Chemist: 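Structure below; questions to follow.
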Amino acid sequence: MSEHFDVHGGARLTGEVEVVGAKNSVLKLMAAALLAEGTTTITNCPRILDVPLMADVLRSVGCHVEIDDDVVRITTPAELSHEASSGAMSKLRASVCVLGPLVGKLKKAVVALPGGDAIGSRPLDMHQNGLRKLGATSAIEHGCVVAQAEGLHGAQIWLDFPSVGATENILMAAVLAEGTTVIDNAAREPEIADIAAMLGEMGAKISGAGTSTLTVEGVAELKPTEHRVIGDRIVGATWAFAAAMTRGDVTVTGVDPHHLELVLEKLRLAGAEVTTYDGKGFRVRQPERPQSVDFVTLPYPGFATDLQPFAVALSSVSDGTSMITENVYEARFRFIEEMVRLGADARTDGHHAVVRGVEQLSSAPVWASDIRAGAGLVLAGLCADGITEVWDVFHIDRGYPHFVENLNRLGARIDRVGTSGPEGG
Ligand code: UD1
């Protein structure tokens, strides 16, 4: 039986909410555990569906994985398989992140092509080109990425675009390559810095993490470690937008406000009063109806494409007209069709959307197409009259731990209807 959320409109969110580890970090840290024989422990892990899916991917190559509340323990055996073909591969994008570690450690990998959110074309050319520069061959065969090398050597690699996934895969292969690798135009996301930090604790030699030039001195082997995942800036930003949209007052802990500087600045421009607590969290108070603001998505430190649905949702209830430009994933504007069902005055033209704010949205049945679009529809439902049904909520469960419980604790009224998901059981 499929599930949906009944979202009651008219809530004003107030109170405190804690954010746990980042989805887009933990899954890659789990893959990095493949690089060291023995038991790696990862703490502050979010309780989301993608973590057990990634555990299945690691089990498929021979690891033993235990998930104990917010702690994940991965034991990597001496004999690891180079074939990652678990059914879970097709369910999440991050599964492709086993490619770099397997090539680094075993010098060969057969990795089923990943799945994940339907947000537009997601090729792997930069991942493959990077591995080729390190000395591997790489091809797509029978639905798998196949890579093989006699030995890996350091190289100078320029990425066409600062791709998060390509940076991670090349980094995780390069740590065990012979010699020095320089990755230029590397992604600068905080999650990349988190992986580099964990690899450093494992014995890797990496400098420049968090900048666009990563330098890696290859080492012969890595040892297991214990690492705490950084707080999820995308989830933290979701609560910030929720506060602004509902004219609420929400304090968010467990996330570094430096990771959200541009987001919080945009909310200030929309009229929010924002207070930051160094390294710990922030508070967003929205006394009046938000003012319209323009948004442009770009790689970090630009405005994250993952937050674009929230920018659209906020604009749809703001005073004035906003222009939203999507530069990373073209299909993310599918979300706008669902917003129009809720009475948003929005239209798209190529990479741009124009949204004219309305006083109140109007409840309707709507369908989540990916994690962030799903969460954006729930926030929009809070600003609609009546009860908005949000369908296909399994997407939301992939990325947000205790989503409904957290919102209800902040004063929303949302009911999960249907079989119980990870929050219920
Ligand atoms: C990650 C995040 C995703 C986020 C995205 C951008 C995970 C699991 N997912 O996805 O939530 O929206 O970063 O911040 O961490 N590209 C190519 N060739 C490649 C690789 C990428 O053309 O080989 C393009 C993509 O089509 C896209 C852009 O580069 O247009 C950015 O992709 P990338 O940064 O790689 O995103 P992901 O790592 O897949």
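The first residue in the sequence is number 1, and the count goes up from there. Numbering of ligands and ligand atoms starts at 1, following listing order. Source: prediction; values computed, not measured.
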Chemist: Counting only heavy atoms closer than 4.0 Å, does ligand 1 sit against the backbone of Y329, its side chain, both, or neither?
Modeler: side chain
Chemist: Please compare E189, Q308, E191, K28 and report which has the shortest non-hydrogen distance to atom 15 (O) of ligand 1.
Modeler: K28
Chemist: Within ligand 1, which atoms have a heavy atom of R332 less than 4.0 Å away?
Modeler: 12 (O)
Chemist: For ligand 1, which atoms have a heavy atom of L124 less than 4.0 angstrom away?
Modeler: 23 (O)
Chemist: Decide yes or no on side chain to side chain contact (heavy atoms under 4.5 Å, CB included) for W158 and N185, but give the supporting numbers first.
Modeler: CA-CA 6 Å; W158 288 274; N185 200 22; 5.9 Å; no
Chemist: Applying the side-chain hydrogen bond (donor to acceptor under 3.5 Å, both in side chains) test to T297, which of H351, E326, Q308 qualifies?
Modeler: E326
Chemist: Considering the heavy atoms of V164, write down every atom of ligand 1 situated less than 4.0 Å from one of them.
Modeler: 13 (O), 33 (P), 34 (O), 35 (O), 38 (O)
Chemist: Would you confirm whether the ring centroid of W239 sits within less than 6.0 angstrom of the ring centroid of F403?
Modeler: yes
Chemist: Does T167 use its side chain to pair, donor to acceptor, with the backbone of A187 at less than 3.5 Å?
Modeler: yes
Chemist: Would you mind finding which of L27, V328, I234, D306 brings a heavy atom closest to atom 3 (C) of ligand 1?
Modeler: D306
Chemist: Backbone, side chain, both or neither: what part of E330 comes under 4.0 angstrom of ligand 1, heavy atoms only?
Modeler: neither
Chemist: Out of P123, P162, S163, indicate the one that has the non-hydrogen atom closest to atom 19 (C) of ligand 1.
Modeler: P123
Chemist: CD1/I74 to CE/M54 distance, rounded to the nearest 0.5 angstrom?
Modeler: 8.0 Å
Chemist: Grab the two heavy atoms, one from H82 and one from K108, that are nearest each other, plus how far apart they are.
Modeler: CB-O, 3.2 Å
Chemist: I need the S95 OG to L53 CG distance, nearest 0.5 Å.
Modeler: 9.5 Å
Chemist: Pull out every atom of ligand 1 sitting under 4.0 Å from any heavy atom of F161, numbered as shown with elements.
Modeler: 28 (C), 29 (O), 31 (C)
Chemist: Just heavy atoms, cut-off under 4.0 Å: does Q128 contact ligand 1 by side chain, backbone, both, or neither?
Modeler: neither
Chemist: Cation-pi check for F303 against K266: NZ or CZ below 6.0 Å from the six-membered ring centre and within 45 degrees of the axis, yes or no?
Modeler: no
Chemist: Near M126, which atoms of ligand 1 are under 4.0 Å from a heavy atom of that residue?
Modeler: 16 (N), 17 (C), 18 (N), 19 (C), 20 (C), 21 (C), 22 (O), 23 (O)
Chemist: Using a strict 4.0 Å cut-off to heavy atoms of G165, name the atoms of ligand 1 that fall inside it.
Modeler: 35 (O), 38 (O)
Chemist: Could you see which bit of T305 sits under 4.0 Å from ligand 1, with heavy atoms only: side chain, backbone, both or neither?
Modeler: side chain
Chemist: Before accepting this row, confirm whether a basic side-chain N of the pair R334/E337 lies closer than 4.0 Å to the acidic partner's carboxylate O.
Modeler: no
